[in-house]
Amino acid sequence: MTPEQLSTSLVAALTRLVDAGRLALPDGVPSEVRVERPKVKEHGDYATNVALQLAKRAGLNPRELAQWLADELVTDDGIEGAEVAGPGFLNVRVAAGAQGAVAATVLEAGTDFGRTATLAGQRIDLEFISANPTGPLHLGHTRWAAVGDAIARVLEGAGAVVTREFYVNDRGVQMDHFGASLMARAHGEEPPEDGYVGSYVSALADRIVTADPGIVDLPRDEQLVAFREAGYALQLAEHQSELEEFNTHFDVWFSERSLHDSDAVEKGFARLREQGRLYEQDGALWMRTTDFGDDKDRVLRKSDGSLTYFASDTAYYVDKRDRGFDPCIYLLGADHHGYVGRLRAMAACVGDDPQQQLEVLIGQLVKILQDGQELKLSKRAGTIVSLRELIDLVGTDAMRYTLIRYPADSPLTLDVSEMTSRSNENPVYYVQYAHARLSSILRNAADLGVGDDLDGFDPSLLSTEQEGSLLRALAEFPRVVARAAELREPHRVARYLEDTASAFHTFYGACRVLPQGDEDVTDTHRARLVLVAATRQVFANGLGLLGVSAPDRM
RNA sequence: GCCCCCGUAGCUCAGGGGAUAGAGCAACGGUUUCCUAAACCGCAGGUCGCAGGUUCGAAUCCUGCCGGGGGCACCA
């Protein structure tokens, strides 16, 4: 019996009470009843507070209503007992057979266990990182890479179709500063005042000159462009290969220039004009974002004829919507928080509902400590902890997991020594180890000729406390994934896996799975092996949602 | 001046109306003739920033304040 099935039984019980005229609910029977896993075992396998919530509306005593529900519920074969407790909680004990059947449910679903249809039909655009191609990806980008990618995986787990996009700001003055800095370094000069000074600039310049020695002899104007374009190409390629190595795949690398090369910007303007949100003043073209709560109108085309970043952003959004995405999700760093208001206003200006089509997730910044001192990250100053360095130091799995297991909207402080530690201080090993241990049992079982197939599986043999805890943990997985997708919070999956790993390790310590010595293979061995196989499946699926590997050996 | 995030164990952080507030790390003690000890078991650790309010019930929701981080505006 899964929590979903219990919830369904409770709704059915409520419906029967209403149909029998014993219960009157002004708002009707709720479509879903929340069921939770109690913290203490005296409170049963599952508990619900539905009686407390409905009693007032129904004009009843909560305990009385809970008792009626209990009486209805126990007519179900899968329910062993139901008791009223406290002010009106209903504590439910599930029959061992019904609970053990969860293992079979998991195995039958296989890699699909955990997938739901809660977001089915949605086509979601998820934009994240979107770093300028003027320097390496750093720790902040690394957080969005891990979290953004995990969000995409979780959304897909809930049935959505997701496109992951990286917006490349390859236009504007920053690019020229970048080109000028590369050129200066190639000539052994200091970068200009607004230039980039990190050591990576010199390294890039060297690579460019090595590949094309004649570049330094070009006229200054041409040379700057040549350096800019060569540097752009190298930096972008580096972003792409590093992110692939970090197990973060983008479906679309969207160039800002392409918006201007096509008619996208004009299409954006046309949309705004249709909506009556465009006007000219002082020689500039404005969007009337104040119609939708922005604190001032925004310039799209300056009086000198050049287009603002916001013009690109508007065109980009319109382009996404024209490609059929709903909603468009942006994952932005807290340093871009001031941008949210005008993005929302912009979406409204083109005729969308910002509550529906546009969603901005603000991620707080990451701090990194080394020897108790904060490492200040600055592309300009060249003090960068880059994605490349992090992958080399910590490894993709540990780095991804560490970043994903915290909610993105909570500020995060990581310690270099802790992150670089490959010891068991890192929770990722705790979870991966569970998978490795499970795999090992299955290998040994194969050697002993004990099958984990479902023929003759007797779920009622999984009756110990530890087996029950583990089964309930497994049954929780689909709800966790659905909730993580709904809230865009993949850290819930990581925390869930940690809890489930604990339940498994405890089970492992208490329950012998395989026969010892010359013992005969019993149905209990076989049942436990089914449970082991099911548990391994959940870890594999869960780690997959985080983009973290599930090793068979450690 | 306004807006957003945060404040929970010594440290890093979960929990975001429900029963006795949790995990990891750090500290202390124990467990391996037996499926992976990267594990398990035990012990210890808390005015959930402060003050009001909402209600059967608040760490959780509302208001105010304090503290930390970030953003916008203003000034230049």
Side-chain angles (χ1 to χ4, degrees), chain A residues 34 36 38-44 47-53 55-56 61-63 84-91 140 293-296 332-342 360-369 372 374 398 402 405-415 417-419 421-448 450 466 483 487 489 491-492 494-499 501-517 519 525 528-529 532 551-554:
Chain A
R34 253 187 72 187
E36 61 182 33
K39 281 172 251 176
V40 281
K41 62 176 184 241
E42 286 73 26
H43 295 159
T48 178
N49 61 359
V50 65
L52 282 160
Q53 289 179 333
K56 195 175 220 173
N61 176 321
R63 287 189 60 99
V84 179
F89 292 105
L90 183 57
N91 298 331
D294 200 4
D295 44 5
K296 64 176 191 182
L332 300 180
D335 52 342
H336 289 82
H337 162 257
Y339 211 64
V340 177
R342 89 186 66 158
V360 183
L361 305 176
I362 292 296
Q364 294 296 318
L365 305 180
V366 192
K367 273 188 208 165
I368 182 165
L369 300 179
E374 181 179 352
T402 303
R405 76 186 286 269
Y406 301 102
D409 64 0
S410 92
L412 185 55
T413 305
L414 298 175
D415 190 273
S417 62
E418 228 165 84
M419 285 195 308
S421 153
R422 287 174 184 278
S423 76
N424 59 355
E425 284 171 24
N426 200 327
V428 66
Y429 293 111
Y430 186 70
V431 174
Q432 286 186 314
Y433 179 66
H435 184 271
R437 209 178 211 187
L438 286 155
S439 302
S440 172
I441 298 171
L442 290 167
R443 276 194 303 272
N444 295 338
D447 291 345
L448 291 172
V450 185
Q466 293 84 2
R483 185 95 173 127
L487 298 175
E489 290 182 345
H491 76 275
R492 291 170 182 278
R495 301 289 174 161
Y496 162 80
L497 291 175
E498 290 167 27
D499 288 346
S502 174
F504 163 64
H505 287 308
T506 299
F507 154 78
Y508 180 90
C511 303
R512 177 76 200 187
V513 178
L514 298 174
Q516 300 183 71
E519 274 181 14
H525 293 133
R528 286 178 176 172
L529 198 57
V532 163
D552 289 325
R553 288 188 167 82
M554 284 175 74

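These figures come from a predicted structure and were not determined experimentally. So you know, we letter chains A, B, ... as the sequences are listed, proteins then strands, and number each from 1.
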Do A:His337 and the base of B:rG70 stack face to face, with centres under 5.5 Å apart and an angle between planes under 30°?
no
Is the distance from OP1 or OP2 of B:rG22 to the nearest side-chain N or O of A:Lys39 less than 4.0 Å?
no
Categorize A:Tyr508 for me: base, sugar-phosphate, or nothing, with a 4.0 angstrom heavy-atom threshold over every strand shown.
base
Name the pairs: protein N/O against N/O of nucleotides 30-34 of chain B, kept only if under 3.5 Å.
unit_1 : atom_1 : unit_2   : atom_2 : d
B:rC34 : O2'    : A:Arg512 : NH1    : 2.3
B:rC34 : O2'    : A:Arg512 : NH2    : 3.4

For A:Arg405, which contact category applies under a 4.0 Å heavy-atom criterion: base, sugar-phosphate, or nothing?
nothing
At less than 4.0 Å, is any side-chain N or O atom of A:Asn91 found next to OP1 or OP2 of B:rA19? Yes or no.
no
Looking across every strand, which nucleic acid part, if any, lies under 4.0 Å from A:Asn49 by heavy atom: base, sugar-phosphate, or nothing?
base
ring-ring contact (aromatic ring centres under 6.0 Å, His included) against A:Tyr433, all qualifying residues, sequence neighbours excluded
A:His505
Tell me what A:Tyr433 touches on the nucleic acid: a base, only sugar-phosphate, or nothing, going by heavy atoms under 4.0 Å.
base
Please write out each protein N/O paired with an N/O of nucleotides 40-46 of chain B under 3.5 Å, distance rounded to 0.1 Å.
unit_1 : atom_1 : unit_2   : atom_2 : d
B:rC40 : OP1    : A:Tyr430 : OH     : 2.5
B:rC41 : OP1    : A:Thr506 : OG1    : 3.2

Looking at every strand, decide which applies to A:His336 at a 4.0 Å heavy-atom threshold: base, sugar-phosphate, or nothing.
nothing
What heavy-atom pair brings A:Asp552 and A:His435 nearest, and what distance separates the two atoms?
OD1-CE1, 3.4 Å
Within the 4.0 Å heavy-atom criterion, would you say A:Pro407 contacts the bases, only the backbone, or no part of the nucleic acid?
sugar-phosphate
